[in-house]
Engineer: 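This is the structure, below, for whatever I ask next.
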Number of protein chains: 2
Amino acid sequence: MRMLPTGSVDCVFADPPYNLQLRGELRRPDDSVVDGVDEAWDRFTDFAEYDAFTRAWLGECRRLLKKDGTLWVIGAYHNIFRIGAILQDLGFWILNDVIWRKSNPMPNFRGRRFTNAHETLIWAARGQESRYRFNYQAMKTLNDDIQMRSDWFIPLCTGPERMRNEHGLKLHPTQKPEALLHRVLLASTNQDDVVLDPFAGTGTTLAVAKRLRRRFIGIERHPAYAEAAIGRVRRTRPVSAEAAVAEPTKREAQRIPFGSLVEQGLIAPGTRLYDRHRRVSAMVGPDGSVSTADTRGSIHKVGALVQNAPSCNGWTFWHFERDGGLVPLDELRTQVNGRGVNGAGSLPA
Amino acid sequence: MRMLPTGSVDCVFADPPYNLQLRGELRRPDDSVVDGVDEAWDRFTDFAEYDAFTRAWLGECRRLLKKDGTLWVIGAYHNIFRIGAILQDLGFWILNDVIWRKSNPMPNFRGRRFTNAHETLIWAARGQESRYRFNYQAMKTLNDDIQMRSDWFIPLCTGPERMRNEHGLKLHPTQKPEALLHRVLLASTNQDDVVLDPFAGTGTTLAVAKRLRRRFIGIERHPAYAEAAIGRVRRTRPVSAEAAVAEPTKREAQRIPFGSLVEQGLIAPGTRLYDRHRRVSAMVGPDGSVSTADTRGSIHKVGALVQNAPSCNGWTFWHFERDGGLVPLDELRTQVNGRGVNGAGSLPA
DNA sequence: CTGGAGGGTGAATCTTATC
DNA sequence: TGATAAGATTCACCCTCCA
């Protein structure tokens with residue numbers, strides 16, 4: 001990681017070692033047992049070691065991230081609280097904690113606790129002022145037109161997706177499902193963004209990144225994992241460039257001034273506009289202004305004024321009459337968008 | 001708390017301030033203002049102050065707990081990571097983190113993050129060697145004879161349960177639902193156990209404890225909250241132990257977004273979809289959107305648009321090719337259902 | 001009495017481009 | 001860097017009112 005240039009990464013996904021405190025034994029990321037962990041070591045020392053390790057790799061990630069980049073970490077209750085606190089201490093700005101609810105978790109055999117049926121992901125921006133990427137519309141579409149929530153229901157990685165060695169045994173103990181990474185990368189990256197996975201394991205992040213046409217960097221010190229990851233990535237085929245593009249956010253869509261609709265005759269000067277309840281009305285001017293008895297301005301400004309509100313989206317506030325009913329102006333804009341007027345058509349098919 | 005005797009409490013439930021750090025006012029799309037938490041008790045100057053506060057009250061709780069006692073804390077991403085780390089540093093032994101999934105959370109109005117639809121509870125024993133209480137069978141019964149998982153689906157506290165002042169306004173900004181406390185106390189305490197709530201608020205913990213015939217101690221420094229809690233507890237009547245366990249359960253409805261099939265690789269981005277007669281076609285995007293030459297959106301939205309219909313069931317309208325024939329998408333959903341991909345094994349509402 | 005329309009609201013770290 | 005304007009943005013549930 002130290003060899004990579006500062007500010008070169010758009011998004012980090014990290015699945016660091018969880019194996020903290022398994023009956024007193026602390027393991028390093030390379031699976032070696034930390035020397036001297038015995039009864040003489042108090043808990044604080046165990047945690048201190050893990051904390052130092054966490055601070056080191058998270059700090060490096062922060063250095064590598066672009067100003068507007070984001071980072072994802074996944075963990076369980078053994079380690080996620082320490083990671084979250086250190087994230088905050090390093091200046092990361094938490095955007096969400098996301099719960100991966102497992103459809104098929106391992107039951108609690110002893111009946112001494114609740115079935116541990118989830119893991120926690122933290123999604124954080126590099127800093128409080130980061131203007132991070134969030135593909136809101138893509139997430140909403142993915143969830144049948146309802147805002148995506150912070151709890152995700154996804155099956156464990158099983159079946160043919162699970163990487164196995166020549167003996168048919170699972171190659172990696174905690175291989176993550178591709179569906180999880182699909183959602184992570186689709187939410188927080190664009191095509192050609194650079195994705196870094198500092199604990200690449202068997203390469204789930206890299207394979208999904210390649211499939212979705214993101215660029216990717218994976219770091220893995222265990223040779224068997226690294227080798228498996230390389231083969232896996234090589235076998236992965238990207239989807240077509242067209243198919244990799246998620247639904248763009250409205251903000252990124254072609255901007256259409258209301259005046260252009262008037263210019264193009266889609267709405268005539270003199271047309272009366274109403275709010276949804278016909279409580280107020282206004283008239284369209286030839287320049288795309290609207291005027292009431294005592295004010296005049298853009299659809300947004302007048303909409304805000306008549307409501308006595310600080311702001312207003314005129315596209316959805318104002319309606320015009322069609323077939324005896326009221327239709328929001330936004331409908332006209334959609335038509336224009338679809339017809340590729342005014343340079344639109346930059347939208348992917 | 002300092003006046004209470006050491007080792008006198010069986011179970012602590014704590015709902016401390018979250019340190020939300022809200023900046024400006026937030027408005028809904030209809031321009032109404034969100035009534036956020038801006039109470040003085042939730043303001044801390046920085047993380048260090050919050051950590052010191054947390055360490056102080058958690059340390060006192062540990063002193064008060066019996067050797068085999070357990071502690072619950074509830075929080076959100078703003079504070080829960082710090083609390084979890086401090087718990088571990090103090091020698092508590094985490095048993096589970098439990099997710100309260102809200103059935104009716106507040107949406108994310110600006111579309112800049114995932115809907116914050118859950119809060120996190122940590123359940124911890126006083127120490128690693130504690131022989132803590134867990135009413136496994138009661139939890140299993142409560143959950144239709146399936147092991148209770150670590151994700152709980154429970155509605156917000158609204159309606160008549162919500163405590164209000166003489167003006168009909170909510171008395172406390174963050175009153176917890178009794179259903180949550182019911183499950184907590186039923187899981188981890190016995191009849192006549194002593195339950196302590198160091199941030200008692202309007203007395204939810206105390207009322208549920210009384211109803212379930214537990215003994216209880218509540219601490220609250222805000223006079224209005226304390227007064228309300230006292231009245232509430234006085235009005236609460238204990239039920240028979242039998243009646244307390246018999247909580248009706250209801251399976252969560254199954255809902256499968258089309259996008260989850262794409263995520264799970266059951267249908268690939270780039271796949272072409274057709275209507276039954278192959279009159280229209282569309283392409284699947286990585287977010288589960290479908291796009292035609294001039295429109296894009298969910299299977300339902302685009303299905304409606306191409307038919308010029310007000311609505312459409314995309315599951316039955318769209319087909320994909322298999323063995324030279326056309327198969328409706330709904331067929332895929334049935335497969336997924338059988339495998340239990342969404343909402344399966346879920347919890348009572 | 002029922003059903004539908006309409007309004008209110010919940011622990012929220014909630015915009016961006018341009019001048 | 002700060003002011004200004006454009007314009008994007010909500011789900012589930014409960015309650016009241018009125019036909």
Side-chain angles (χ1 to χ4, degrees), chain A residues 68 88 92-97 124-125 128-129 131-132 134 136-137 140 143-150 249-253 255-259 276-277 288 297-304 309-318 329-330 333, chain B residues 15-39 41-44 47 74-80 100 102-120 153 155-162 164 168-170 172-177 199 201 253 349:
Chain A
D68 293 339
Q88 292 178 311
F92 283 99
W93 188 247
I94 298 181
L95 300 169
N96 278 113
D97 57 338
Q128 185 170 0
E129 305 307 325
R131 287 161 40 176
Y132 57 89
F134 178 52
Y136 175 76
Q137 197 55 51
K140 189 168 172 174
N143 194 37
D144 270 6
D145 291 331
I146 294 169
Q147 246 183 28
M148 186 69 82
R149 297 171 38 124
S150 56
T249 62
K250 286 246 179 86
R251 273 189 235 285
E252 285 156 351
R255 201 176 73 82
I256 298 171
F258 178 62
R276 197 161 55 95
H277 303 290
S298 74
I299 52 173
H300 313 295
K301 200 162 86 178
V302 175
S311 69
C312 167
N313 182 346
W315 290 106
T316 50
F317 178 73
W318 294 108
L329 289 180
D330 211 31
R333 183 165 59 159
Chain B
D15 182 9
Y18 285 12
N19 189 21
L20 283 189
Q21 309 171 61
L22 304 180
R23 290 197 277 191
E25 70 173 10
L26 176 65
R27 286 171 178 269
R28 302 167 196 273
D30 67 2
D31 260 326
S32 62
V33 176
V34 173
D35 182 17
V37 178
D38 63 348
E39 267 72 4
W41 48 256
D42 197 45
R43 285 197 282 269
F44 297 84
F47 282 134
I74 183 167
Y77 64 85
H78 314 79
N79 68 329
I80 198 66
W100 169 26
K102 302 175 183 183
S103 63
N104 47 349
M106 178 141 55
N108 184 290
F109 295 116
R110 313 315 287 256
R112 294 296 294 140
R113 303 180 178 197
F114 299 99
T115 309
N116 195 359
H118 73 276
E119 295 188 25
T120 300
F153 191 72
L156 292 174
C157 177
T158 59
E161 188 188 320
R162 188 85 196 211
R164 296 182 187 280
L169 300 172
K170 60 187 175 190
H172 192 286
T174 71
Q175 186 181 338
K176 297 293 175 287
F199 305 96

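Here is how names work: the chains are called A, B, and so on, in the same order as the sequence lines, proteins then strands, and each is numbered from 1.
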Engineer: Between A:R276 and B:F47, who's closer to the 5' end of DNA chain C by nearest nucleotide?
Structural biologist: A:R276
Engineer: For A:Y132 and B:R112, indicate whether the former's side chain and the latter's backbone hold a donor-acceptor pair under 3.5 Å.
Structural biologist: yes
Engineer: Any side-chain N or O of A:Y132 less than 4.0 Å from the OP1 or OP2 oxygen of C:dT16?
Structural biologist: no
Engineer: Map B:G159 and A:C312 onto DNA chain D by nearest heavy atom, then report which one ends up closer to the 5' terminus.
Structural biologist: A:C312
Engineer: Quick check: any donor-acceptor pair below 3.5 Å linking the side-chain of B:K176 to the base of C:dA11?
Structural biologist: yes
Engineer: Can a donor-acceptor pair under 3.5 Å be found between the side-chain atoms of B:D15 and the base atoms of C:dA11?
Structural biologist: yes
Engineer: Quick test of your reading of the model: are A:E129 and B:R23 salt-bridged, counting only N-O distances below 4.0 Å?
Structural biologist: yes
Engineer: Can you establish whether the number of heavy atoms outside A:R276 located under 6.0 Å from its atom CZ is more than 12?
Structural biologist: no
Engineer: D:dG7 base to A:S311 side chain: any donor-acceptor pair below 3.5 Å?
Structural biologist: yes
Engineer: Can you tell me the distance, in whole Å, between the CD1 atom of A:I256 and the P atom of D:dA6?
Structural biologist: 16 Å
Engineer: If you find the nucleotide of DNA chain D closest to A:I299 and the one closest to A:Q147, which residue's nucleotide is nearer the 5' end?
Structural biologist: A:I299
Engineer: Using centres under 5.5 Å plus planes under 30 degrees as the test, is B:F109 stacked with D:dT10?
Structural biologist: no
Engineer: Taking the P atom in each of D:dA8 and C:dA11, what is the distance between them to the nearest angstrom?
Structural biologist: 30 Å
Engineer: Mind telling me if C:dT16 is syn or anti? Syn here is a glycosidic angle within 90° of 0.
Structural biologist: anti
Engineer: For the C1' atoms, the ones on D:dG7 and on C:dT13, what distance do you get once it is rounded to whole angstrom?
Structural biologist: 23 Å
Engineer: Just name whichever nucleotide pairs with D:dC11, Watson-Crick or G-U, keeping both distances under 3.5 Å, else none.
Structural biologist: C:dG10
Engineer: Say we look at C:dC1 and D:dC17: how far apart would their C1' atoms be, to the nearest angstrom?
Structural biologist: 15 Å
Engineer: Closest approach to the side chain of B:H78, judged atom by atom: which nucleotide of C:dA12, D:dC13, C:dT16 is it?
Structural biologist: C:dA12
Engineer: Each nucleotide N or O in nucleotides 17-19 of chain C that has a protein N or O under 3.5 Å away: list the pair and distance.
Structural biologist:
residue, atom, partner, partner atom, Å
C:dA17, OP2, A:R131, NH2, 2.7

Engineer: Does D:dG2 pair with anything, Watson-Crick or G-U wobble, both distances under 3.5 Å, and if so, with which nucleotide?
Structural biologist: C:dC19
Engineer: D:dG7, OP1 or OP2 - any side-chain N/O from A:T316 closer than 4.0 Å?
Structural biologist: no
Engineer: Are OP1 or OP2 of C:dT13 and a side-chain N or O of B:N116 less than 4.0 angstrom apart?
Structural biologist: yes
Engineer: For D:dA6, take OP1 and OP2 only and decide whether either is under 4.0 Å from a side-chain N or O of A:H300.
Structural biologist: no
Engineer: Could you tell me the Watson-Crick or G-U partner of D:dA19, where both distances fall under 3.5 Å? Say none if there is no partner.
Structural biologist: C:dT2
Engineer: Indicate, yes or no, whether a donor-acceptor pair under 3.5 Å links the base of D:dG7 to the side chain of A:R333.
Structural biologist: no
